[in-house]
Student: 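Please read through the structure below; I'll follow up with questions.
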Amino acid sequence: MALKKYKPVTPGQRFKVISAYDDITTNIPEKSLLCPKHRTGGRNNSGKMTVRYRGGGHKQMYRMIDFKREKDGIPATVKTIEYDPNRTARIALLFYADGEKRYIVAPHGLKVGQVIVSGAGVSPDLGNTLPIGEIPFGSIIHNIEMRPGQGAKIARSAGSYAQLMSREGKYAVIKLPSGETRMILCACKATIGIVSNGDHSLEVSGKAGRSRWLGRRPRNRGVVMNPHDHPMGGGEGRQSGGHPRSRRGIPSKGYKTRHPKKNSTQYIIERRKK
């Protein structure tokens, strides 16, 4: 992955740093795997704005991604590496041996023409998906299921990954980049490798218009609002705003919001770092 930095010919290009897109092999998506994507603009079914700072943006089509990888034992050839406007990672188009086509989240280093396969008993090579109980210790994995057959839920965004630490009975212990260590059933599937487009976090938009293209409207600070709009609003002149908190009064720094009786807490060995 490479980044492209522009010369300051215009104000919007002065700080612009974006991906060079040199890993993408085509800009024409597979038509059979597209479906319409309807935008809400943050409004509910009665037209009331329930989520602020959303609206506009370029029209997009949704790419149907295979997060389950349940076609076990059928080899698939990587046909293209494509850009997906709905996620930060790249996606790969697979041509299975039985003629079916599917999109997957592309791991870093996946090449066109490479053959990958999923299921029990396959080798732990890049792009292959297999049960966590068969993956060697210390392996870097992504697209991890939380329940068998549910589909990948953990480590799906650009540059994400987890490391398989150990196995205890029917559970495996994985360590996430946040520092959290948790148990996952060995029957759950995971994919070998790191999610592609790891330089996404280093990109700089350069201008507000790029955020508008993505459907993000300007965000107002709480301290500039009136008292009835935000707990930190009001005051004569410039006020500090008191303790940082959300519009609903929830503290924003150091306040734990996880429910103490949440069922999945029993599977967390070590919480994430502060």
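Reckoned from all heavy atoms, side chains included, excluding hydrogens, waters and symmetry mates.
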Student: Do Ser196 and Leu110 have side chains that get closer than 4.5 Å, going by heavy atoms?
Tutor: no
Student: What class does the angle between the rings of Tyr171 and Tyr267 fall in, given that below 30° is parallel, 30 to 60° is tilted and above 60° is perpendicular?
Tutor: tilted
Student: Which residue in the set Lys68, Glu134, Glu145 passes side-chain contact (heavy atoms from CB on, under 4.5 Å) when paired with Lys189?
Tutor: Glu145
Student: Out of curiosity, Ile132 CD1 to Met183 CE, how far, rounded to the nearest 0.5 Å?
Tutor: 12.5 Å
Student: As an exercise, state the distance from OH of Tyr62 to CG of Asp84, rounded to the nearest 0.5 Å.
Tutor: 7.5 Å
Student: Would you compute the distance between atom CZ of Arg54 and atom OG1 of Thr40 and round it to the nearest 0.5 angstrom?
Tutor: 6.5 Å
Student: Can Thr25 and Arg90 be counted as having a side-chain donor-acceptor contact under 3.5 angstrom?
Tutor: no
Student: Between CD1 of Ile194 and NE2 of His108, what distance do you get to the nearest 0.5 Å?
Tutor: 7.0 Å
Student: Assess the residue pair Ile116 and Arg69 against the criterion (side-chain contact (heavy atoms from CB on, under 4.5 Å)); give the C-alpha distance rounded to whole Å, side-chain angles, the decisive distance to 0.1 Å, and a yes or no.
Tutor: CA-CA 11 Å; Ile116 61 178; Arg69 298 288 295 272; 3.7 Å; yes
Student: Checking side-chain hydrogen bond (donor to acceptor under 3.5 Å, both in side chains) between Tyr103 and each of Glu82, Glu30, Arg63, which is the one that passes?
Tutor: Glu82
Student: With side-chain contact (heavy atoms from CB on, under 4.5 Å) as the test, pick out the partner of Ile141 among Ile135, Thr129, Thr191.
Tutor: Ile135
Student: Hey, is the main chain of Asp229 close enough, under 3.5 Å, to the side chain of Arg247 for a donor-acceptor pair?
Tutor: yes
Student: Nearest 0.5 Å, what's the CD-NZ distance between Glu203 and Lys16?
Tutor: 10.5 Å
Student: Would you mind checking if Asp66 and Lys71 are paired as a salt bridge, meaning a charged N to carboxylate O distance below 4.0 Å?
Tutor: no
Student: Can you see whether Ser178 engages Arg272 through a side-chain donor-acceptor pair at a distance of less than 3.5 angstrom?
Tutor: no
Student: What's the separation between atom CD1 in Ile91 and atom OG1 in Thr80, rounded to the nearest 0.5 Å?
Tutor: 7.5 Å
